[in-house]
J.: 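One structure is given below, represented as structure tokens, and several questions about it will come after.
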There are 2 protein chains.
Amino acid sequence: MKIVFIGSGNVATSMAHAFIANGDELLEIWSPNLDHASILAAQVGAVAAGNLGVISTSADLYVIAVKDDAIADVVASLPSVTGIVVHTSGSTDMAVLSSLKAYGIFYPLQTFSKSSKAVDFKNVPLCIEASNTAVLLQLEGIAASLSDSVYHTDSAKRKVLHLSAVFACNFVNHLYALGNQVLEQAGMPFEMLRPLILETALKVQEELPGAVQTGPAVRADEKTMEAHLALLKHTPELGDIYRALSDSIKKTYQ
Amino acid sequence: MKIVFIGSGNVATSMAHAFIANGDELLEIWSPNLDHASILAAQVGAVAAGNLGVISTSADLYVIAVKDDAIADVVASLPSVTGIVVHTSGSTDMAVLSSLKAYGIFYPLQTFSKSSKAVDFKNVPLCIEASNTAVLLQLEGIAASLSDSVYHTDSAKRKVLHLSAVFACNFVNHLYALGNQVLEQAGMPFEMLRPLILETALKVQEELPGAVQTGPAVRADEKTMEAHLALLKHTPELGDIYRALSDSIKKTYQ
């Protein structure tokens, strides 16, 4: 399969490497920043393109992996192409692609960073949606070649999925940061929390989180919660978050 | 080393198994519930004790791993013993043991559950504190025989550590549960979130959470946050938590 990537960020980089590992051919990488495109292009044996007007028009697949706000502009600048055009955004409606002939969604539910070691795409849930059944069947085949977890997810469901990921990833990482802030103020290193963080994530790989909730709030241990709030009296924002999450836990399990 | 366990819950079970794997000898397991004591005693070749008055008084180490509220009662009922007595609580002051001769703290910063596969104690941070320097040296040797991460942590620091663990473990697990709640309402399974949850925890094993924060709040993407809040309009408690954590992220990184 011949593929063009529009975008060269973390999602594009991870997905491009997964396609290459799969034996697919990457023709061009476009990015608003030609230097960024060149780095990824060199890694995957593609050509870096600085102008959307000159990309191949006969590739099988065009993957738009740019910032959500930039998708509409990319679509408007795209030459007329014969292949399927997909975007990888969790929160952008498929309608943004509706001026194209054959289009769809290829949303990987994972957090990617260039620095972190390559994510194994086989384990990444790939959420697909398409402009019609024929395109859906083709995307299904492509998705299954990359991942063992392929889901059909319409735009409404995809937005819910993206919201759930904000809770389970973005907010979770911020709680790691708040835990670190609490430690730092007492001169202790973040590495003390790392084994606990990993075990907490491992526990819910087999169980549902509702079955393994621990801590003072779930056992309504008011004495400990009061002691914790006293420790947070000089950081009232942390106290507010402590209170809000403890109340939510109490409400959930009472 | 000869050890008596007072308590047979998740912490006692994990720690008792680590001592056995280490070649130590477990004399007795006491629990207010003799059946529970018997289960653990059978696993580790110890005797189940239903009465604190009859436990061996010449063991090297007595580990009190009962609910925080029950520690004082246990101490009051303990016969006069020659060995070191430690408790394993994150939030209970060492002073609760001050009527004893030689005492200290043995606080493992980890989440334990009987159902989850055995935690490797070598990776569990063990936080110790002692009634005097001689006892501290002995506890240090014992702790180092179980874990590669031993920290000297006085009662004030230990309470801060426990608080940070509430953020990084208890609250994090609740965010997994809220993510699941959002998914469930749209008929999607929790398993879709599992790879993302694991990767989010793996990322901070090498990096600091502040260096890898992602999501709409950190990039001040108000459009996406408004769309998420619209999705949460029928679950105002989730909306409040979304708002509080997004505000905290914005404040942290602005």
Side-chain angles (χ1 to χ4, degrees), chain A residues 91 109-111 113 116 119 123-125 151 157 159-161 163-180 182-183 186 188 190 192-201 203-205 208-210 212-215 217 224 227-228 231 237 240-241 244-245 248-249, chain B residues 91 109-111 113 116 119 123-125 151 157 159-161 163-180 182-183 186 188 190 192-201 203-205 208-210 212-215 217 224 227-228 231 237 240-241 244-245 248-249:
Chain A
S91 52
L109 184 58
Q110 186 51 287
T111 173
S113 54
S116 75
V119 165
N123 301 322
V124 175
Y151 295 89
K157 280 196 169 180
K159 284 173 194 173
V160 171
L161 202 52
L163 171 59
S164 77
V166 169
F167 278 92
C169 168
N170 304 152
F171 289 167
V172 159
N173 188 73
H174 188 54
L175 288 181
Y176 298 159
L178 297 182
N180 185 33
V182 168
L183 279 187
M188 288 183 281
F190 181 66
M192 294 182 82
L193 280 179
R194 285 189 169 125
L196 177 65
I197 283 171
L198 189 55
E199 181 66 17
T200 303
K203 256 190 188 176
V204 298
Q205 298 301 307
L208 286 175
V212 296
Q213 183 66 48
T214 55
T224 299
H228 284 165
L231 287 172
E237 318 87 51
D240 288 346
I241 288 172
L245 288 170
S248 175
I249 292 173
Chain B
S91 52
L109 184 57
Q110 186 50 285
T111 174
S113 53
S116 75
V119 165
N123 301 323
V124 175
Y151 295 90
K157 279 196 172 181
K159 285 173 194 173
V160 171
L161 202 51
L163 171 59
S164 78
V166 169
F167 279 93
C169 168
N170 305 152
F171 288 167
V172 159
N173 188 73
H174 188 54
L175 287 181
Y176 299 158
L178 297 183
N180 185 32
V182 168
L183 280 188
M188 288 182 281
F190 181 65
M192 296 182 81
L193 281 178
R194 285 188 168 126
L196 177 64
I197 283 171
L198 188 55
E199 181 66 19
T200 303
K203 255 189 190 176
V204 297
Q205 298 302 307
L208 287 174
V212 295
Q213 184 64 50
T214 55
T224 298
H228 284 166
L231 287 172
E237 318 88 50
D240 288 346
I241 288 173
L245 288 170
S248 175
I249 292 173

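Chain letters run A, B, ... following the sequence lines, proteins first and then strands; every chain starts at 1.
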J.: Do you see a donor-acceptor pair shorter than 3.5 Å between the side chains of T200(B) and N173(A)?
T.: no
J.: Does the E199(B) side chain pair with the main chain of Q110(A), one donor and one acceptor, at a distance under 3.5 Å?
T.: no
J.: Report the residue from L231(B), L183(B), L196(B) that forms a side-chain contact (heavy atoms from CB on, under 4.5 Å) with S164(A).
T.: L183(B)
J.: Using non-hydrogen atoms and a 4.5 Å limit, figure out which bit of E237(A) sits close to chain B: side chain, backbone, both or neither.
T.: side chain
J.: Identify which part of S91(B) has an atom lying under 4.5 Å from any heavy atom of chain A, answering side chain, backbone, both or neither.
T.: side chain
J.: What part of F190(B) gets within 4.5 angstrom of chain A, counting heavy atoms only: side chain, backbone, both, or neither?
T.: side chain
J.: Side chain, backbone, both or neither: which part of M188(B) has a non-hydrogen atom closer than 4.5 Å to chain A?
T.: side chain
J.: Report which part of F171(A) has an atom under 4.5 Å of a heavy atom belonging to chain B: side chain, backbone, both, or neither.
T.: both
J.: Write down the atom of I197(A), the atom of Q205(B), and the distance for their closest heavy-atom approach.
T.: CG2-NE2, 4.0 Å
J.: Heavy-atom pairs under 4.5 Å with chain B - which of T224(A), L109(A), L161(A) has more of them than the others?
T.: L161(A)
J.: With sequence neighbours left out, what residues match A177(B) under side chain to side chain contact (heavy atoms under 4.5 Å, CB included)?
T.: P209(A), Y253(A), H174(B)
J.: If you look at every heavy atom in V204(A) and R194(B), which pair is closest and at what distance?
T.: O-NE, 2.6 Å
J.: Looking at A227(A), A244(A), G210(A), C169(A), which makes the most heavy-atom pairs under 4.5 Å with chain B?
T.: C169(A)
J.: Please identify, among L198(B), L178(B), N180(B), L208(B), the residue contributing the most non-hydrogen atom pairs under 4.5 Å to chain A.
T.: L198(B)
J.: How would you list, by chain and number, every residue that makes a side-chain hydrogen bond (donor to acceptor under 3.5 Å, both in side chains) with D240(B), sequence neighbours excluded?
T.: R243(B)
J.: Could you please spell out the steps behind the side-chain contact (heavy atoms from CB on, under 4.5 Å) verdict for N170(B) and L245(A)?
T.: CA-CA 9 Å; N170(B) 305 152; L245(A) 288 170; over 6 Å; no
J.: Do you know which of I241(A), V124(A), N123(A), L193(A) has the most heavy-atom pairs with chain B at a distance under 4.5 angstrom?
T.: L193(A)
J.: Of all the heavy-atom pairs spanning H228(B) and V166(A), show the shortest one and how long it is.
T.: CE1-CG2, 3.6 Å
